[in-house]
Amino acid sequence: MLEFKNIIKVFKNQTVINNISFNVNKGEFVVLIGPSGCGKTTTLKMINKLIAPSSGNIYLEGKDIFKEDTIRLRRNMGYVIQQTGLLPHMTVGENIGLIPRLQKWSEDKIIERTTEMLKLVGMEPTQYVDRYPCELSGGQQQRIGVARAFATNPDIILMDEPFSALDPISRNQLQDELFNLQQEFKKTIVFVTHDMDEALKLADRICIMKDGDIIQFDTPEEILKNPANEFIEEFIGKNRIWQQPEFIKAKDIMITEPIKTTGSRTIVQAVEIMKSNKVDSLLIVDKENKLQGIVTLKDIRRNDKGSIKLDAIMETEVKTAMLDESLIDILNSMNELQIGYMPVVDDSLKLVGLITKSSLLSVLSNQYINQEVNA
Ligand SMILES: Nc1ncnc2c1ncn2[C@@H]1O[C@H](COP(=O)(O)OP(=O)(O)OP(=O)(O)O)[C@@H](O)[C@H]1O
Ligand SMILES: [Mg+2]
């Protein structure tokens with residue numbers, strides 16, 4: 001939907017953007033983040049032509065924006081700047097209705113839309129519509145800024161540190177509201193922040209910049225798991241992944257070579273396999289490595305005939321985890337079902353690993369040790 005191609009920006013003699021290229025997909029929430037002065041605002045302002053690049057092209061829906069009419073382009077973009085940019089001499093209603101009015105909507109439609117937007121950002125219309133920005137708290141002003149940006153139903157919304165001046169509680173609340181708005185209306189949003197928590201919470205993808213370069217542009221999960229270099233590691237904070245357990249997946253914590261056998265083995269053989277591998281359960285798979293069931297020492301003790309095949313005694317109702325299942329869901333299932341292990345299967349139900357209470361513990365405690373060392 002939006003494409004930056006070899007964009008360079010030089011202010012006087014200083015190059016502030018060094019040839020960056022990236023794409024933003026339709027409906028995607030992209031967060032630009034990086035240290036002060038790295039070029040986030042400059043990048044954002046190029047999207048609505050407030051700043052022209054020194055070279056390179058920017059395409060919106062395949063069209064070069066510098067060949068498009070600026071007014072028409074901006075009509076289709078909401079823009080929220082830091083400190084909201086509300087016009088102080090206009091009421092809340094007039095601020096939200098500003099662009100619709102410029103677009104010559106009918107008064108009725110503007111009132112209807114203003115009311116709708118106020119409700120959307122959680123402010124009672126009758127109570128607030130006639131107030132002036134100075135009669136609102138900082139958080140309420142930010143809400144009006146967001147409402148104004150959404151008012152004309154633009155395809156793209158640009159937001160430059162819109163919540164940076166807020167206390168953590170209002171900020172969290174507004175982040176949640178923005179997230180929900182985006183889920184509902186599927187806007188394409190480019191959002192600037194210098195707060196990694198905010199980025200992780202909101203972004204589909206995060207673009208990390210430094211000195212006018214893009215260092216890594218990826219999903220939050222990928223950035224946490226595979227930071228491109230030391231700068232990114234420092235930036236996100238070492239071991240950040242552990243504060244984000246929803247990003248830890250079965251494949252990150254499973255034992256990759258669980259002890260397994262086929263159902264045609266006998267109890268006597270199973271006991272031998274368990275003994276030599278020092279385990280108290282065996283996963284049973286078919287020839288294609290698809291999980292069939294599990295046999296535990298308990299199951300074996302219930303049967304005294306050593307020649308019985310495992311097929312006949314295995315438990316077939318086994319709760320499994322998919323490779324991408326999150327640590328949180330896995331822990332919840334293990335607690336709920338009171339089980340100490342969970343085989344991990346891929347899309348074709350082939351056995352790829354095993355999570356046990358003790359493997360979980362060792363992963364978590366290793367982490368604890370690492371944190372101590374790094375502290
Ligand atoms: N109009 C201008 N003239 C000259 N230099 C500028 C101008 N605007 C920005 N710069 C410089 O370009 C660089 C990038 O600025 P930009 O505002 O994009 O940074 P930023 O990443 O948004 O930083 P912050 O987090 O502090 O808002 C900075 O070094 C800044 O000094
Ligand atoms: Mg900035």
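Remember, it's 1-based here, ligands and their atoms both numbered in the order they're listed.
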Could you check whether any heavy atom of [X] sits closer than 4.0 Å to an atom of ligand 1, since that is the contact criterion I want to use?
X	answer
K9	no
G39	yes
Q14	yes

Run the side-chain hydrogen bond (donor to acceptor under 3.5 Å, both in side chains) check on Q175 and K201 step by step: do they pass? CA-CA 8 Å; Q175 287 166 348; K201 188 163 168 188; 3.0 Å; yes
Quick check: [X] and ligand 1, any N/O pair under 3.5 Å apart?
X	answer
T43	no
K12	no
G37	yes
G34	no
T42	yes

Please step through side-chain hydrogen bond (donor to acceptor under 3.5 Å, both in side chains) for the pair E124 and T126, ending with a clear verdict. CA-CA 6 Å; E124 177 50 47; T126 50; 3.1 Å; yes
Start with the C-alpha distance between T70 and K49, add both sets of side-chain angles, then the distance that settles side-chain hydrogen bond (donor to acceptor under 3.5 Å, both in side chains), and finish with yes or no. CA-CA 7 Å; T70 304; K49 292 169 70 170; 3.1 Å; yes
Would you say L283 ends up clustered with M314 if hydrophobic residues are merged whenever their side chains have heavy atoms under 4.5 Å apart, either directly or through other cluster members? no
Quick check for you: to the nearest 0.5 Å, what is the distance between [X] atom [atom1] and [Y] atom [atom2]?
X	Y	atom1	atom2	value
R113	R101	CZ	CZ	14.5 Å
D324	K249	CG	NZ	5.0 Å
D195	I33	CG	CD1	6.5 Å

Can T193 and E198 be said to form a side-chain hydrogen bond (donor to acceptor under 3.5 Å, both in side chains), step by step? CA-CA 7 Å; T193 183; E198 189 162 78; 2.8 Å; yes
Among I51, V16, I17, T15, the residue with a heavy atom nearest to atom 13 (C) of ligand 1 is V16
Mark up the atoms of ligand 1 that fall under 4.0 Å of a heavy atom belonging to T41, in ascending order. 17 (O), 18 (O), 20 (P), 22 (O), 27 (O)
Within reach of ligand 1, part of H194 (heavy-atom separation under 4.0 Å): neither
Let me check your reading of the structure: within less than 2.8 Å of the Mg ion (ligand 2), is there an N/O/S atom from T41? yes
